[in-house]
Engineer: 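Right, I'll just put the structure down here and ask away after.
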Amino acid sequence: MGKIALQLKATLENVTNLRPLGEDFRWYLKMKCGNCGEISEKWQYIRLMDSVALKGGRGSASMVQKCKLCARENSIEPHLGTWTGPGYGLVNFVFSYVSEILSSTIKSYNAEDNEKFKTIVEFECRGLEPVDFQPQAGFAAEGVESGTVFSDINLQEKDWTDYDEKAQESVGIYEVTHQFVKC
């Protein structure tokens, strides 16, 4: 399958440099088996800091799963992140896919990207393809005028608002959407 990029689009109000924080950031994804097309029912997360050994000593990946329908083992390597939250968790890998986060591909979403799709991370996929993304907590951004850092931004509701005391203005992130593109 190769590399698949996650692109984000949002309306930013008085903030810039929207980004995931840390190697423990959780990317919540729904995955599709590249062999039989089965799509996971539950959200699964991957993190940059996670590493699972591949069978036969062929390296490691952030996620390795065995498909419950066709029994194929697949993997994904995010070049960043894993997530948890209510109703989420590190699912016992019923799918056997491999995926990896490519850390060098993690980019921030800035004021000049406003209302345009921009790649924020790439995943190395082997037999597994992300088909949906659920942003959650763990993002950070900065005030455009003040540089005030807003951490632990939760985008699960696709909107976030706050107030920048230094700049004395409201700040927000609205209409968060995404798409996946092959690299």
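Bear in mind the structure is a predicted one, so any value in this text is a computation, not a measurement.
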Engineer: Once you round to the nearest 0.5 Å, how far does CD of E169 lie from OH of Y163?
Structural biologist: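 Atom-to-atom, E169:CD and Y163:OH are 8.0 Å apart.
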
Engineer: Should V176 and V144 be regarded as members of a common hydrophobic cluster, given that ILVMFWY residues are connected when their side-chain heavy atoms come within less than 4.5 Å of each other, either directly or indirectly?
Structural biologist: no

Engineer: Closer than 3.5 angstrom, by distance alone: can the side chain of K118 be matched with the main-chain N or O of S108 as a donor-acceptor pair?
Structural biologist: yes

Engineer: Could you grab the distance from atom CZ of F180 to atom OG1 of T119, nearest 0.5 Å is fine?
Structural biologist: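 Going from CZ on F180 over to OG1 on T119, the span is 11.0 Å.
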
Engineer: Sort and list the pairs that fulfil salt bridge (Lys or Arg N to Asp or Glu O under 4.0 Å) and have at least one residue in residues 131-160, not counting sequence neighbours.
Structural biologist: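 Those involving residues 131-160 are R19-E142.
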
Engineer: Quick check: closest heavy atoms across F150 and V171, and the distance to 0.1 Å?
Structural biologist: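 Heavy atoms only, the tightest pair is CZ-CG2, 3.9 Å.
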
Engineer: If you define the side chain from C-beta out and look only at heavy atoms, does anything of S170 sit under 4.5 Å from E13?
Structural biologist: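 Result yes, sub-4.5 Å side-chain heavy-atom pair found.
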
Engineer: Test side-chain hydrogen bond (donor to acceptor under 3.5 Å, both in side chains) on E165 and T148; report intermediate values, then the result.
Structural biologist: CA-CA 8 Å; E165 296 288 338; T148 300; over 6 Å; no

Engineer: So, taking the atom named CD1 in I173 and the one named CG in L18, what distance separates them when rounded to the nearest 0.5 Å?
Structural biologist: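 Answer for the CD1-CG pair, I173 versus L18, is 4.5 Å.
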
Engineer: With side-chain contact (heavy atoms from CB on, under 4.5 Å) as the test, would you mind laying out the steps for T161 and Y174 before giving the verdict?
Structural biologist: CA-CA 8 Å; T161 59; Y174 311 101; 3.5 Å; yes

Engineer: Tell me the closest heavy-atom pair linking Q179 and Q7, and the distance in Å.
Structural biologist: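 Between these two residues, the closest heavy atoms are NE2-OE1, 2.5 Å.
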
Engineer: Working to the nearest 0.5 angstrom, can you tell me the gap between Y109 OH and L8 CG?
Structural biologist: 6.0 Å

Engineer: CD/Q134 to CD/Q44 distance, rounded to the nearest 0.5 angstrom?
Structural biologist: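 With rounding to 0.5 Å, CD (Q134) is 14.0 Å from CD (Q44).
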
Engineer: Considering non-hydrogen atoms only, spot the tightest contact between M31 and P130 and give its length.
Structural biologist: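 Answer, listing the atom of M31 first, then P130: SD-CA, 3.7 Å.
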
Engineer: Do L12 and F117 belong together in a cluster built from hydrophobic side chains that touch within less than 4.5 Å?
Structural biologist: no

Engineer: Backbone N or O of N17 within a donor-acceptor pair of the N110 side chain at under 3.5 Å?
Structural biologist: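 Checking the backbone N and O of N17 against the side chain of N110, a donor-acceptor pair under 3.5 Å is found.
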
Engineer: Give the minimum heavy-atom separation between D164 and A167, together with the two atoms involved.
Structural biologist: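 Shortest heavy-atom separation between D164 and A167 comes out as OD1-N, 3.2 Å.
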
Engineer: Work out which heavy atom in L21 is nearest to a heavy atom in S151; give both atom names and the distance.
Structural biologist: CD1-CB, 4.2 Å

Engineer: Within a radius of less than 6.0 Å around CD of E112, do more than 12 heavy atoms belonging to other residues, nucleotides or ligands occur?
Structural biologist: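 Yes, enclosed.
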
Engineer: Rounded to the nearest 0.5 Å, what separation is found between the CZ atom of F123 and the CZ atom of F133?
Structural biologist: 7.5 Å

Engineer: What heavy-atom pair brings C70 and N35 nearest, and what distance separates the two atoms?
Structural biologist: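 Heavy atoms only, the tightest pair is SG-ND2, 3.3 Å.
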
